[in-house]
A.B. asks: 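Take this structure, written in structure tokens, and hold onto it; I'll ask about it next.
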There are 2 protein chains.
Amino acid sequence: MATKQQAQRRAAGSRAAVHRPKPQSANGTGRDHDAEREIGLDALVGHAGYAVRRFQLWIFQDFIKTLAAVDIRPTQYSVMTVIGANPGLSQMAVAKRLGIERARLVHLLDSLEARDLVNRIPSATDRRSHALHLTTSGKAALAQFRRLAAEHERHVAEKIGKENRERLLQILAAFT
Amino acid sequence: MATKQQAQRRAAGSRAAVHRPKPQSANGTGRDHDAEREIGLDALVGHAGYAVRRFQLWIFQDFIKTLAAVDIRPTQYSVMTVIGANPGLSQMAVAKRLGIERARLVHLLDSLEARDLVNRIPSATDRRSHALHLTTSGKAALAQFRRLAAEHERHVAEKIGKENRERLLQILAAFT
DNA sequence: GAAGATTGTTGTTGACGACAACAATTGATG
DNA sequence: CATCAATTGTTGTCGTCAACAACAATCTTC
């Protein structure tokens with residue numbers, strides 16, 4: 001119900017409303033935007049965080065869409081990749097490596113284990129920890145995931161340009 | 001309680017455990033990683049989404065930390081920036097411009113309005129929509145936010161390099 | 001004036017990050 | 001060797017966020 005909205009309208013009556021001070025567009029163009037035309041961002045352009053957020057949103061959506069047939073999300077893919085490349089890792093090691101919390105990894109592994117993609121094998125050397133391995137079907141599945149992920153990566157290259165993608169990876173290499 | 005873990009241990013006994021197939025490090029180095037040493041990511045390196053996720057996490061944390069004194073999060077800052085640069089916009093227009101859902105914007109504006117930073121003024125031309133404006137204190141506050149955001153942006157430049165930041169913004173300009 | 005679209009709102013769902021506890025186990029220190 | 005601190009996996013809660021789905025009020029279009 002839009003009661004709040006109504007209440008506000010009743011209270012505000014029909015005052016101010018068209019009170020629209022000069023758009024003060026600081027970008028120098030000075031164009032107006034009364035309708036839903038171009039909306040200036042001014043200070044927002046030039047903020048790395050904003051651009052990265054938008055890009056991350058786009059890239060994740062494309063990843064999820066491209067891997068929708070196999071129902072694998074980016075985080076799940078990263079977990080399986082690390083385990084596949086380093087069999088026997090503990091949960092702690094995987095979590096630290098991927099920058100996710102061990103509490104969160106528990107649920108991720110629960111779902112992957114329920115789908116018979118990953119195995120938690122009790123470690124012999126440390127009875128607290130689990131040695132993580134891909135199951136046989138997990139290895140086969142990961143191969144397919146990789147192909148789809150490569151397709152997604154091609155989408156990225158199409159979107160921002162092949163050389164720009166390379167440059168991006170190079171710039172952000174310190175975070176991987 | 002770690003009952004699940006225990007049950008698994010009891011069931012598994014002391015079998016496999018050290019069963020650690022060759023690390024199959026495909027990156028060509030062939031170094032091992034039995035301890036918590038270097039953990040190969042293999043296929044994960046070269047995935048733009050992973051790098052971007054890590055970077056986005058870092059950049060947001062730094063933004064939140066840098067603007068902690070004024071208690072402003074990245075999304076709140078972007079909303080105020082757009083409204084400040086384009087007074088009188090409707091919620092729909094702001095949401096579309098920033099790529100956030102109008103449902104989400106409702107709560108964002110609720111909090112900003114509760115802090116007397118933003119005003120929802122009923123539009124005279126369309127009684128469904130609200131014309132969004134910064135309050136007087138909102139404008140003053142935004143000026144301070146901008147200074148802190150600039151400081152945050154300097155952190156980014158320090159982290160990845162001044163010219164790399166420029167390049168990054170240029171590459172992702174299509175998403176802003 | 002009726003039908004359909006739009007706007008703001010509420011609510012739900014699920015992924016996710018951040019914390020805080022906790023039991024079991026290990027490691028270090030006395 | 002006994003004890004205490006640290007680690008590991010687990011459970012739980014909290015808050016943020018994206019994605020939907022509904023809904024009332026209102027606008028637009030025919």
Side-chain angles (χ1 to χ4, degrees), chain A residues 1-10 12 35-36 53-54 56-65 68 71-79 89-96 98-113 120-132, chain B residues 1-10 35-36 53-54 56-61 63-65 68 71-76 78-79 89-96 98-111 113 120-132:
Chain A
M1 341 140 187
T3 46
K4 196 174 184 179
Q5 186 177 348
Q6 286 182 38
Q8 208 168 350
R9 281 167 188 169
R10 310 270 185 276
E36 302 94 356
R53 170 184 161 265
R54 297 297 298 259
Q56 207 254 9
L57 211 54
W58 181 90
I59 212 171
F60 264 54
Q61 282 171 345
D62 184 87
F63 187 99
I64 295 172
K65 198 192 309 172
D71 190 29
I72 286 290
R73 315 196 91 253
T75 316
Q76 297 176 312
Y77 177 73
S78 70
V79 169
L89 282 184
S90 70
Q91 300 185 192
M92 195 59 199
V94 171
K96 213 181 297 180
L98 290 177
I100 62 187
E101 283 194 58
R102 57 192 207 279
R104 166 124 192 75
L105 186 59
V106 171
H107 301 294
L108 284 168
L109 289 176
D110 283 348
S111 76
L112 292 177
E113 206 171 23
R120 278 192 256 222
I121 299 176
S123 163
T125 61
D126 188 340
R127 288 167 56 201
R128 294 170 301 180
S129 68
H130 295 156
L132 301 175
Chain B
M1 338 138 187
T3 47
K4 198 174 182 180
Q5 187 178 347
Q6 287 182 35
Q8 211 168 347
R9 280 168 188 168
R10 310 270 186 274
E36 302 92 357
R53 170 184 160 265
R54 297 297 297 259
Q56 206 255 8
L57 212 53
W58 180 90
I59 212 171
F60 264 53
Q61 282 172 345
F63 187 100
I64 295 173
K65 199 192 308 173
D71 191 26
I72 285 291
R73 317 196 85 250
T75 316
Q76 297 176 313
S78 69
V79 169
L89 282 184
S90 69
Q91 299 186 191
M92 195 59 199
V94 172
K96 213 182 297 181
L98 289 178
I100 61 186
E101 283 193 58
R102 58 192 205 280
R104 166 129 188 73
L105 187 58
V106 172
H107 302 294
L108 284 168
L109 289 176
D110 282 349
S111 77
E113 207 171 22
R120 278 191 257 221
I121 300 175
S123 164
T125 60
D126 188 340
R127 288 167 56 204
R128 295 170 300 178
S129 68
H130 297 155
L132 301 176

A.B. asks: Step by step, would you call Ile100(B) with Val79(B) a side chain to side chain contact (heavy atoms under 4.5 Å, CB included)?
C.D. replies: CA-CA 10 Å; Ile100(B) 61 186; Val79(B) 169; 4.2 Å; yes
A.B. asks: To the side chain of Met92(B), which of dT7(C), dG9(D), dT9(C) is closest?
C.D. replies: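 My answer, after comparing the listed nucleotides, is dT7(C).
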A.B. asks: Would a 4.5 Å heavy-atom cut-off, applied to side chains only, mark Arg53(B) and Phe60(A) as touching?
C.D. replies: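 A side-chain contact exists here, since the closest heavy-atom pair is under 4.5 Å.
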A.B. asks: Of the nucleotides dT11(D), dG8(C), dA21(D), which has the atom closest to the Val106(B) side chain?
C.D. replies: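 From the listed options, dG8(C) comes nearest.
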A.B. asks: Using only side-chain N and O atoms of Arg120(A), determine if any of them is under 4.0 Å from OP1 or OP2 of dT10(D).
C.D. replies: yes
A.B. asks: Where each residue is assigned the nucleotide of DNA chain C containing its nearest heavy atom, which of Gly99(A) and Arg102(A) is assigned the position nearer the 5′ end?
C.D. replies: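 Result of the comparison: Gly99(A).
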A.B. asks: Closest heavy-atom contact between Val106(B) and Arg120(B)?
C.D. replies: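 Where Val106(B) meets Arg120(B) most closely, the heavy atoms are O-NH2, 3.8 Å.
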A.B. asks: Taking 4.0 Å as the cut-off, does a side-chain nitrogen or oxygen of Arg128(B) come that near to OP1 or OP2 on dT28(D)?
C.D. replies: no
A.B. asks: Can you say whether a donor on the side chain of Arg127(B) sits under 3.5 Å from an acceptor on the base of dT26(D), or the other way round?
C.D. replies: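 Donor-acceptor pair under 3.5 Å: no.
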A.B. asks: As a test of reading the structure: which of dC20(D), dG17(C), dT25(C) is closest to the side chain of Ile100(A), going by heavy atoms?
C.D. replies: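 Output: dG17(C).
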A.B. asks: Just how far, in rounded Å, is P of dT11(D) from NE2 of His107(A)?
C.D. replies: 7 Å
A.B. asks: Please name the pair of heavy atoms, one in Ala95(B) and one in Glu101(B), separated by the smallest distance, quoted to 0.1 Å.
C.D. replies: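 Minimum heavy-atom separation between Ala95(B) and Glu101(B): CB-C, 4.1 Å.
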A.B. asks: Measure CG/Leu109(B) against P/dT10(C) and give the value in whole Å, please.
C.D. replies: 12 Å
A.B. asks: Establish, with yes or no, whether the OP1 or OP2 oxygen of dA18(D) is under 4.0 angstrom from a side-chain nitrogen or oxygen of Arg53(A).
C.D. replies: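 Yes, within the criterion.
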A.B. asks: With a non-hydrogen cut-off below 4.0 angstrom, is Leu57(A) in contact with a base, only sugar-phosphate, or nothing?
C.D. replies: sugar-phosphate
A.B. asks: Rounded to whole Å, how long is the line connecting atom CD1 of Ile64(B) with atom P of dC19(C)?
C.D. replies: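 The distance from CD1 of Ile64(B) to P of dC19(C) comes to 11 Å, rounded to the nearest Å.
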A.B. asks: Round to the nearest Å and state the distance from Glu101(B) atom CD to dT7(C) atom P.
C.D. replies: 15 Å
A.B. asks: Minimum heavy-atom separation for Gln76(A) to Asp71(A), with atom names?
C.D. replies: OE1-O, 3.7 Å
A.B. asks: Given atom CZ of Arg73(A) and atom P of dA18(D), what is their separation to the nearest angstrom?
C.D. replies: 13 Å
A.B. asks: Does dT9(C) have its OP1 or OP2 closer than 4.0 Å to a side-chain nitrogen or oxygen of Gln91(B)?
C.D. replies: yes
A.B. asks: Would you kindly give the CH2-to-P distance between Trp58(A) and dA18(D), to the nearest whole Å?
C.D. replies: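 The answer, rounded to whole Å, is 18 Å.
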A.B. asks: So, is Arg104(A) near the phosphate of dT10(D), with a side-chain N or O under 4.0 Å from OP1 or OP2?
C.D. replies: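 For dT10(D), neither OP1 nor OP2 has a side-chain N or O of Arg104(A) closer than 4.0 Å.
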A.B. asks: How many whole angstroms separate atom CZ of Phe60(B) from atom P of dT16(D)?
C.D. replies: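 Going from Phe60(B) (CZ) to dT16(D) (P), I get 14 Å.
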A.B. asks: When you check the phosphate oxygens OP1 and OP2 of dT7(D), does a side-chain N or O of Ser129(A) lie under 4.0 Å from one of them?
C.D. replies: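 No, because none of the side-chain N or O atoms of Ser129(A) sits under 4.0 Å from OP1 or OP2 of dT7(D).
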A.B. asks: Of the options dG8(C), dC16(C), dA18(D), whose atoms approach the side-chain atoms of Leu108(A) most closely?
C.D. replies: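 The answer is dC16(C), which lies nearest to the side chain.
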A.B. asks: Please find the pair of heavy atoms, one from Ile64(A) and one from Pro74(A), that lie closest to each other, and give the distance.
C.D. replies: CG1-CD, 3.9 Å
A.B. asks: How many whole angstroms separate atom CZ of Arg54(B) from atom P of dC16(C)?
C.D. replies: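 Going from CZ in Arg54(B) over to P in dC16(C) covers 14 Å.
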